[in-house]
Colleague: 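One structure coming up, written as structure tokens, with questions to follow.
What you see is a predicted model, and the numbers here were worked out from it, not measured in a lab. Throughout, a chain's letter reflects where its sequence line sits, starting with A, and its residues are numbered from 1.
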Amino acid sequence: MGGVRTALYNYLFARRHGGDFILRIEDTDSQRFVPGAEEYIAEALHWCGIDPDEGVVQGGPHAPYRQSERKEIYLQYALQLVASGDAYYAFDTPDELDALRAEAEAKGDTFTYNAACRSMLNNSLRFGTEETAAKIAAGERWVIRFRMPESEEVAMNDLIRGEVVVNTSTLDDKVLYKSSDELPTYHLANIVDDHLMEISHVIRGEEWLPSLPLHYLLYRALGWSGTQPLFAHLPLLLKPTGGGKLSKRDGDKMGFPVFPLRWEAPTGEVSRGYREDGYFPEAFINMLALLGWNPGTEQEIFPLDELVELFSLDRVSKSGARFDPEKAKWFNAQYLRAKSDEELAALFLPILREKGIDDVCVFLAARVVRIVKERATFVSDFWELSHYLFVAPTEYDPKAVEKFWKGENPARIAEMCGILEAIGDFTAANIDRALHDWIAAKEYPMGQVMNSLRLAIVGESKGPGMADVCEILGKEETLARLRRALGELGK
RNA sequence: GGCCCAUUCGUCUAUCGGUUAGGACGUAAGAUUUUCAUUCUUGAAAGAGGAGUUCGACUCUCCUAUGGGCUACCA
């Protein structure tokens, strides 16, 4: 969800300003490759209706869009930084670094690879050019680290938060490139590609704010400050209850999807999706758009093109937004009601077939949808709300029987059969009129009579207006059900 | 621990120094309805705390508290 919202804001911003929305796959961690993940991302964006203008699927002038396919372009920039003195080779092994961290932790400290200790560690700054070259030639594993200035105030600008200043003394010498897999880390690859791909705006999650100084410094060291993109760090999406940012586990725990589409991890772990849970993509997108942004008016329902028209970064809020599954449902219900009976009927028919009802035409389905859609949140609610229109009740709710199948009611239902029988054109309007006239003439209690009728036909004591129900059932079925109720419940 | 960001009803949010602090979800009550739902009306519900600045602070500054993020040869 968080990823989709970030993509959405990027999409809206790009559209709003006539730019291009680019999907680049940042797969520089060869250890964490997940088969199917890339395809999943493309499909999810497509379902949401926010297809990229350029990217792995669409192609484009900046191809390739997969960092693993751009390996050869990163090393030269890493070397350029070494040459300019902004970076250096380091030979410390992961084990050595882990040991240093453990050691520091034991003393209640945190190990930081920075100006204070870099001259004591295994790197080209200590070894000098010759020894470094020898080590590399000998096949020792190395990484290239950024040489973080010892103490410098870096003033940055964030489109959402304004000016942020950080002193480099609190930062560490981040790894930019690793010889082990000949791949850069995020920081280098991101800056190089953003430059090469002519990225004008970076809109990303707030978790990236702490590395913004590094990114500023990288642009400067590479000589690209002049064309550096503008940054906007989005507030995080938080769990509905408890603390922390929304994570994939929360959904299954709390009963709502966290993924746009159902996701089956290679491990076999399955996460439900908004699509499979019956959400309309427009509703999902609308809900996400308002989680951290608002147009300043009281309108809440926005089609995508309207979001494009209204979106602006200065109306994005600064604080994390707690996700509310109830409101997500409300959005879906709004979109469901706005859809035509016919459109919903087309979605309902497959469900009916699944239930073994395959002789229903679109017109009948639409007629049913018309009377149940305002009580539904999802298309999948339709069956629960209308099954009695397709299958006669096999039992009668005991509470309803106790409440309504008593006194003169059974006799009135018997009498009603004659009234219904006499209706020529069995339409809701005619049924309604005939019943009301009859009840009025006999001075029967309306509630008692109508609820008995409902019980006899539906088997329960809730549901849409009975005239509509009877019309959909037809005269024959309506009378058959009344007679059966009289037989089973007694007169 | 260090650094950074944030802080208005339970939740999402409006307010860009002067408002009875507005709306939505949820919730409570009532009305409508043959039932349920819908719809409508109404209600409860908020500026974390403390100092400043100012004629006047939810709004600006600082401190504290709280929440969150980052602190990897992950992104």
Side-chain angles (χ1 to χ4, degrees), chain A residues 26-32 67 90 92-94 97-98 101 104-105 108-113 141-145 156 158 160-161 164-167 169-172 174-181 183-187 189-190 204-213 233 235-236 238 240-241 243-245 287 290-301 314-315 317-331 333 337 371-376 385 400 403-404 432 435-436 439 445-455 458 460-467:
Chain A
E26 309 207 303
D27 53 351
T28 54
D29 185 352
S30 42
Q31 307 296 308
R32 291 206 315 165
Q67 289 181 331
D92 316 275
T93 66
L97 293 171
D98 284 345
R101 278 186 202 103
E105 202 174 329
D109 271 351
T110 310
F111 169 73
T112 312
Y113 208 121
R141 289 208 171 167
W142 50 268
V143 297
I144 290 176
R145 284 182 181 271
M156 299 158 289
D158 180 272
I160 293 170
R161 281 149 227 281
V164 179
V165 181
V166 174
N167 191 292
S169 62
T170 65
L171 273 18
D172 65 343
K174 278 273 176 294
V175 170
L176 300 177
Y177 191 93
K178 49 221 150 81
S179 72
S180 58
D181 53 8
L183 246 18
T185 60
Y186 170 83
H187 304 291
N190 182 265
R204 62 193 355 178
E206 193 185 354
E207 69 268 26
W208 289 109
L209 198 51
S211 39
L212 188 57
H233 291 88
L236 263 16
L238 275 16
T241 56
K245 65 173 177 176
M287 179 272 292
L290 266 338
L291 229 40
W293 171 86
N294 78 85
T297 63
E298 284 174 2
Q299 185 181 347
E300 292 199 279
I301 301 296
D314 48 50
R315 292 210 64 90
S317 46
K318 295 178 169 71
S319 51
R322 221 177 254 278
F323 168 64
D324 178 9
E326 287 307 312
K327 187 120 190 193
K329 286 184 191 165
W330 177 80
F331 273 108
R337 287 172 191 210
I371 65 170
V372 300
K373 76 171 174 187
E374 68 181 18
R375 4 172 53 94
L385 292 168
K403 195 167 174 194
F404 296 113
D432 204 47
L435 254 24
H436 276 84
I439 288 168
M446 176 79 88
Q448 288 295 314
V449 177
M450 295 305 276
N451 281 306
S452 307
L453 171 63
R454 180 181 306 280
L455 170 62
V458 178
E460 296 179 75
S461 56
K462 59 180 181 190
M466 287 311 294

Colleague: Quick check for you: among B:U35, B:C73, B:A75, whose closest atom lies nearest to any side-chain atom of A:Arg101?
Modeller: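 Between B:U35, B:C73, B:A75, the one nearest the side chain of A:Arg101 would be B:C73.
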Colleague: Less than 3.5 Å between a donor and an acceptor, one on the side chain of A:Arg322 and one on the base of B:C12, is that the case here?
Modeller: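 It does not, because no donor-acceptor pair links the side chain of A:Arg322 to the base of B:C12 below 3.5 Å.
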Colleague: Applying a 3.5 Å limit to both distances, which nucleotide forms a Watson-Crick or G-U wobble pair with B:A6?
Modeller: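 Result: B:U66.
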Colleague: B:U38, OP1 or OP2 - any side-chain N/O from A:Lys462 closer than 4.0 Å?
Modeller: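 No, outside the criterion.
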Colleague: Without decimals, in angstroms, what is the distance between A:Asp158 CG and B:G69 C1'?
Modeller: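 In whole Å, B:G69 C1' and A:Asp158 CG are 14 Å from each other.
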Colleague: Which nucleotide in the set B:C4, B:U13, B:G10 lies at the smallest distance from any side-chain heavy atom of A:Val164?
Modeller: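 Comparing B:C4, B:U13, B:G10 against the side chain of A:Val164, the answer is B:C4.
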Colleague: Counting only side-chain heavy atoms from C-beta out, which of B:C70, B:C25, B:C5 sits nearest to A:Glu207?
Modeller: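 For A:Glu207, the side-chain atoms sit closest to B:C70.
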Colleague: Nearest to the A:Glu300 side chain among B:C70, B:C3, B:A24, which nucleotide is it?
Modeller: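 Of all the options, the side chain of A:Glu300 is nearest to B:A24.
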Colleague: In whole angstrom, give the distance that lies between atom CG of A:Asp109 and atom P of B:C3.
Modeller: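 The answer, rounded to whole Å, is 13 Å.
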Colleague: Distance check: side-chain N/O of A:Arg145 vs OP1/OP2 of B:C73, anything under 4.0 Å?
Modeller: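 Affirmative; the distance criterion is met.
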Colleague: Look at the side chain of A:Thr110 against the base of B:G2 and say whether a donor-acceptor pair falls under 3.5 Å; ignore hydrogens and angles.
Modeller: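 Flag unset: no donor-acceptor pair detected.
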Colleague: Where the side chain of A:Arg454 is defined as all heavy atoms beyond and including C-beta, which of B:C12, B:U35, B:A6 is the nearest nucleotide?
Modeller: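 Nearest nucleotide to the side chain: B:U35.
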Colleague: Rounded to the nearest Å, what distance is computed from the CZ atom of residue A:Arg315 to the P atom of nucleotide B:C16?
Modeller: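 So the CZ-P distance, A:Arg315 to B:C16, works out to 10 Å.
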Colleague: How many whole angstroms separate atom CH2 of A:Trp330 from atom P of B:U38?
Modeller: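 Answer to the nearest Å: 14 Å.
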Colleague: B:U35, B:U71, B:G69: which one has an atom nearest the side-chain heavy atoms of A:Lys174?
Modeller: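 The listed nucleotide nearest to A:Lys174's side chain is B:U71.
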Colleague: Side-chain N or O of A:Arg337 versus OP1/OP2 of B:A37: is the shortest distance under 4.0 Å?
Modeller: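 So the side-chain polar atoms of A:Arg337 never come under 4.0 Å of the phosphate oxygens OP1 or OP2 of B:A37.
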Colleague: Any heavy-atom pair between the side chains of A:Glu105 and A:Thr110 that's under 4.5 Å?
Modeller: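 A:Thr110 does not reach A:Glu105 side chain to side chain.
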Colleague: What nucleotide, of B:U34, B:A72, B:A24, holds the atom closest to the side chain of A:Met466?
Modeller: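 So the nucleotide nearest the side chain must be B:U34.
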Colleague: Report yes if a side-chain nitrogen or oxygen of A:Asn294 is closer than 4.0 Å to either non-bridging phosphate oxygen (OP1 or OP2) of B:A14; otherwise report no.
Modeller: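 Checking B:A14 against A:Asn294, a side-chain N or O does come within under 4.0 Å of OP1 or OP2.
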Colleague: Please pick, from B:G22, B:A75, B:C70, the nucleotide with the shortest atom-to-atom distance to any side-chain atom of A:Glu298.
Modeller: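 Of B:G22, B:A75, B:C70, B:G22 is nearest to the side chain of A:Glu298.
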Colleague: Check every atom of B:C3, B:C5, B:A75 against the side chain of A:Lys178 and return the nucleotide holding the closest atom.
Modeller: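 The closest nucleotide is B:A75.
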Colleague: Any idea which of B:A6, B:C74, B:U13 is nearest the A:Ala321 side chain?
Modeller: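 Shortest atom-to-atom distance from the side chain points to B:U13.
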Colleague: Polar atom pairs between nucleotides 28-30 of chain B and protein, under 3.5 Å, N or O only, would you list them?
Modeller:
none

Colleague: Do A:Val165 and A:Met156 have side chains that approach each other closer than 4.5 Å (heavy atoms only, starting at C-beta)?
Modeller: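 The answer is no; the side chains never approach within 4.5 Å.
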Colleague: Ignoring backbone atoms, establish whether A:Ser179 has a side-chain N or O less than 4.0 Å from OP1 or OP2 of B:C73.
Modeller: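 So the side chain of A:Ser179 is outside the cut-off, no N or O lying under 4.0 Å from OP1 or OP2 of B:C73.
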Colleague: Whom does B:U39 pair with, Watson-Crick or G-U wobble, provided both distances fall under 3.5 Å?
Modeller: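 Here B:U39 is engaged in a pair, and the nucleotide opposite it is B:A31.
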